[in-house]
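Report on one structure; see the data block that follows.
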Amino acid sequence: MLTRVKKIILDLLFPISCLGCGRDKIWLCGNCQSKIPVLEEFFCPVCSRPALRGQTHDQCRRGSSLDGIFIAGDWRNKLLRKIIHRFKYNFIQDLKTPLGKLLIEKLEQADNFFVPALSERYFEAIVPIPLFSRRELWRGFNQAELLGRAVGEFLLIPVLASAVKRIKNTKTQVGKNQKARAKNMLGAFVPGLEISAVKGKKILIVDDVVTTAETMAAVAKVLKSAGASEVWGLCLARG
Ligand SMILES: [Zn+2]
Ligand SMILES: [Zn+2]
């Protein structure tokens, strides 16, 4: 009896069911996962217009240290938005697996452009966008790091979670124009403990939803200053 009551209470508090179809005991079933397509198109991180394999246009390079960006999913997809929301705001860490899978699929698509055989990997290390430490303490985890680790495990490349440190909380960029956002970002990131590990390497920055590329560009700047040879971004969606 007591066990049953306990189970009922637990199910009420944390009812695990597929966010797509409601099926029991799983956050996202295989069928619903397959309904979230990988975004086929590639866009320039600076101007958001279509760009070959997501590479920053030559004319957009000035002032951006980001070599390109891969956007894995389509923000207009309702189910994807719901999953990301639950992951970020309801702290359902298990969702890192289906979301990580989406990132990996996009990367495989992009890898085809870089390397002739898929057995070779283009990127050598992952840097998740760091949270401001107070925010991370409150949340208990950094969602970008969880995603970065899912991708790193799959690619068998190191995740340098302390390469860059965030010293300013700059999350609220909404309503600011490009110039103000870039200014707001200035000095938000500084080299961290693992910064020497990025020297000479091709780095992949991982984040969840990218509203503007300024955050990634600011992190890319720190990495390039430390000698990273290339810095690309990978995110779930452009929001
Ligand atoms: Zn389902
Ligand atoms: Zn551009």
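Numbers here simply count residues along the sequence, with the first being 1. When reading the values below, keep in mind they use all heavy atoms of this one structure, side chains included, and skip hydrogens, waters and symmetry mates. Both counts, for ligands and for their atoms, begin at 1 and track the order of listing.
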Can you check side chain to side chain contact (heavy atoms under 4.5 Å, CB included) on E230 and E124, steps first, answer last? CA-CA 10 Å; E230 275 184 52; E124 296 162 292; over 6 Å; no
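- Seen from the Zn ion (ligand 1), atom SG on C32 and atom SG on C18 lie at an angle near 100° (rounded to 10 degrees).
- Ring geometry for F141 versus F87: interplanar angle of 30 to 60°, hence tilted.
- Centred on the Zn ion (ligand 2), the SG atom of C47 and the SG atom of C60 lie at an angle of 110°, reported to 10°.
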Worked verdict on F123 versus L107 for side chain to side chain contact (heavy atoms under 4.5 Å, CB included): CA-CA 10 Å; F123 294 102; L107 201 56; 4.2 Å; yes
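- With salt bridges taken as basic N to acidic carboxylate O contacts below 4.0 Å, none links R149 and E153.
- Looking at H57 and the Zn ion (ligand 2) together, the shortest N, O or S contact belongs to ND1.
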